[in-house]
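Naming convention: chains lettered A, B, ... in sequence-line order (proteins, then strands); numbering from 1 in each chain.
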Amino acid sequence: MRKAYLGIDIGSISTKGVIIDEDQALLAHDYLGTEGNPIGAVKRLLASIDEQLDHARYKVVAVGTTGSARKLIGAMNGAAMVKNEITAHAIGTVSLYPDVKTILEIGGQDSKIILIDNGVVVDYAMNTLCASGTGAFLSSQAHRLGVKVDRFGEIALRSKSPTRIAARCTVFAESDLIHKAQIGHSQEDIIAGLCRSVVSNYLNNVGKGKAIRPPLVFQGGVSKNVGVVRAFEEATGYPVTVDANSHLIGALGTAILAKKSKSETPFSFQITDINFTTKGMECQQCSNHCEVICIYRDNELVDAWGNRCERGAVRP
Amino acid sequence: MQKYKVSFPHIANYWVPMKILFSEGLDVEYVVPPPITKRTLDLGSRYSPDYVCAPFKYCLGNYIETMEAGANTLVQAGGVCRLGYYGELHEQILRDLGYEVRFVNMARARFSKPLIIYNHFREINPHMSVKRIARILPVVLKMVECMDEIEDYMRKNIGFEVQNGSLAAVYEEFLTDISQVRTKRELRRAYNRCKKRLRRVPLNVPQHPLRVGIVGEYYTIMEPFSNHYIERELARMGVIIDRWMNITNSLRPSRKRDIRNRIKPYAKYHMGATSMYTIGKALEFAKRKYDGIIHVKSFGCTPEMDAMPALQNISSDHKIPILYFSFDTQTSDTGIQTRLEAFYDMMIMRNEAK
C-alpha cells in the first residue's frame, strides 16, 4: 500500500482538489463550483476523487487545505495542514517550474503577485479593498454581453483593435464598457479591451512597485482566458506560461505541504456521509458583537472561531 | 451650574493618564469612553463623509458613545494632517445631529506655547487652578512614558509566552494600579512592580526569532482595533514586534532634521504627518537586518501613501520584504490573516534559504 496526499483549495467561486503520491504525481483531481456552500462543494469533490483513486494501491494519509474556506474545510477533514493560498500557490508552482521568478494569479475574488528567487518567495502582494479585475468581474461582464465566460479568450483573440476600457475600478470599467457598446464598438473589440483592462488594473494595483522578471507563470481561474494571457504578454513583453492544470496549483501546493508536515492520520472518504453543519451566532458579551461560527459534526460541536476575546470563546 | 463631564475619544490605553489629567489636573469629571467596537465604527461611518479616513470615523462614533455614557464636554486634539480640521468637522456633524455639548478643539494648541495650551485648558474648566495642573502634568507625561516602555517590552515578548495572555494580565493590573497614582514616586513604585512581574513571566524565546518592524500612520498604528490587532496576531506566530511610534516618541522634541538627513537618498522633501518617521524607521529596521516591515495606514491617508514609493525603494535596496495594509471600515479578519500568515511563511522560507 502506497501513501497518498489530498489537497483541497476552496475558493470563493470554485473548489479544487488533487491527490498526489509520494513523488508528487497526480492520482486524481477535480474542479467544481463552490456555489456559496463550501461544505457541500467539498463533499461533491470528495465523492468524485474517491471514484478516481485506486484504493487497492493508495491510501490517503494526510490532508491539506487552502483557499478562503481553508479553516472550515480543515476542521471538517481533520487536516494536517491548513495553509494560506499565497504560500500554497508558491509551493505548488515551484514544484512544477523550479526556475519561476514571477507568479501572476487571478482568481474569483482576489488576485496576487508572488516574486520568487531561487525557489523562495521573496515578496508578494494581494489586492486590497477592491475586487476589480478579478474573475468575478469578468463573469459578470460576460453575462452582460451574453457570452459564456469560457469563450471570452477566443473571442478576444479575434479583435484587431481592442476598445479602450477604464481600468481603475470595476464600476468605472463597467460604465465605460456600456457606453462603448452603445456607440457601436464590436463585441470582440470590447471583450479584448476588457482583457487588457484586467491586466492593466492588475499591473497598476497588485503589481505596483514589484519588479516583474521572467520566467512568468500565470494561474488561477482567469489564466484559462487566452485573451488575458495575450494581454499579459503584450504588457510585460515576456512570454507567459500557463500550466494545463493551472487551476489546480493551490491544491497541489497544499497537498505537498501536507506531505511535508509528516503528520499522518488515515483519511476516510466516508466523511461524505457525515452531516456537517455550521451555526453562526452573535456574542452578546459586549457591543462588538463578534460573529462566532460553530462547526458541528452530526450535531456534536467540533470547533468554533470568530471571537476576539476569551468572553466569546465556545469550546467543544 | 452644570457639572463638566469631559471625554476624549479612545486611542489604545491612553485613557488612563487622560483620566488623571482631567480629573486631577482640571478638576472635572472624566467619562471614560466605551471601548471601541464594531458599534463605534457603525455609528462613526453612518454620520461621516464616506471618503474621510477611518480614524475620523472611529472618533466620531466614540464621541456619540461617550455622550450616551454621560459626557457633556468633548475634547479633540490637534493633528498634523487632515486631523487638524477634524475637530471642527466633528463638532459640526454632532451639532447637526442635535447633540448639545461643549466642544473644545485643541487643534490650534502648540506644545511649544504653554500659554495657548493654558487657554485651551481654561476653556475646559474656567475655574481650573494652575497649581493643580502644574503638579499633575509631569506625572501624566511620565505615566505615558512608562506605559509606552512596557508596551514596547510586551510587543517584543508576547509571541514567546509559555502561557498565552500572561503578559497582558500583568499589564492589565498595571493599568489598574496606575489609575490610582497621583505622584511620580507612586508611579515609579507601580512601574517597578510591573517590570519585576513581567520579567517573571516564563518565556520560551528561540535562538534566532524573527523580527518585524511596524511603521505607519499615527492613529491606525496605535489603536489595535483599527488595525485588526495585527501586532498581537503576528506576535503569536512567534515574532518580535518592534514599533517606534507611540505618544512618547511623537511628543519628543523633534529631530526632524536628523531624520531628513538620514533618509535623503529616499525622500528629499517633508511629506507631512508621520511620513518622515515612517521612512526613517523603515530604513533603520532595514539596516538593522530585520526580517520584515509592515506598513499600516488608513485608506486614503495621503502622507503615508506618499511614503510608499520610498518604502518600495528601501525594500529593493535592502532586500527586505514590506507588507502594506490599508484599513477602512471592513471588519472581516480573513483577508488580513491570510496576508499575515503568508508574510510569516515568506520570512521563514527566506531565512531557510540563507
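- Looking only at heavy-atom pairs under 4.5 Å with chain B, the residue among A:I114, A:I86, A:T87 that has the most is A:T87.
- Ion pairing of B:E341 with A:R70 is present here, as a side-chain N (NZ or NE/NH1/NH2) and a carboxylate O approach within less than 4.0 Å.
- Of the atoms belonging to B:F343, heavy atoms from both backbone and side chain fall under 4.5 Å from chain A.
- Between chain B and the options A:D117, A:D123, A:L115, heavy-atom pairs under 4.5 Å are most frequent for A:D123.
- When A:K71, A:K112, A:K83 are compared by the number of non-hydrogen pairs under 4.5 Å with chain B, A:K83 comes out ahead.
- A distance of 4.0 Å separates NZ of B:K38 from CD of A:E291, quoted to the nearest 0.5 Å.
- Heavy atoms of B:L323 lying under 4.5 Å from chain A belong exclusively to its side chain.
- Heavy atoms closer than 4.5 Å to chain B are found in both the backbone and the side chain of A:V122.
- Pairing each heavy atom of B:T338 with each of A:M126, the nearest pair is CG2-CE, 4.3 Å.
- Of all heavy-atom pairs spanning A:V121 and B:M346, the tightest one is O-CG, 3.3 Å.
- Residue A:N118: no heavy atom, backbone or side chain, is found under 4.5 Å from chain B.
- Proximity to chain B (any heavy atom under 4.5 Å) is shown, for A:I116, by neither the backbone nor the side chain.
- Only the side chain of B:D333 comes within contact range of chain A, judged by heavy atoms closer than 4.5 Å.
- Here the closest non-hydrogen pair linking A:N84 and B:D345 is ND2-OD2, 3.0 Å.
- Counting heavy-atom pairs closer than 4.5 Å to chain A, the top residue among B:T334, B:T37, B:L41 is B:T37.
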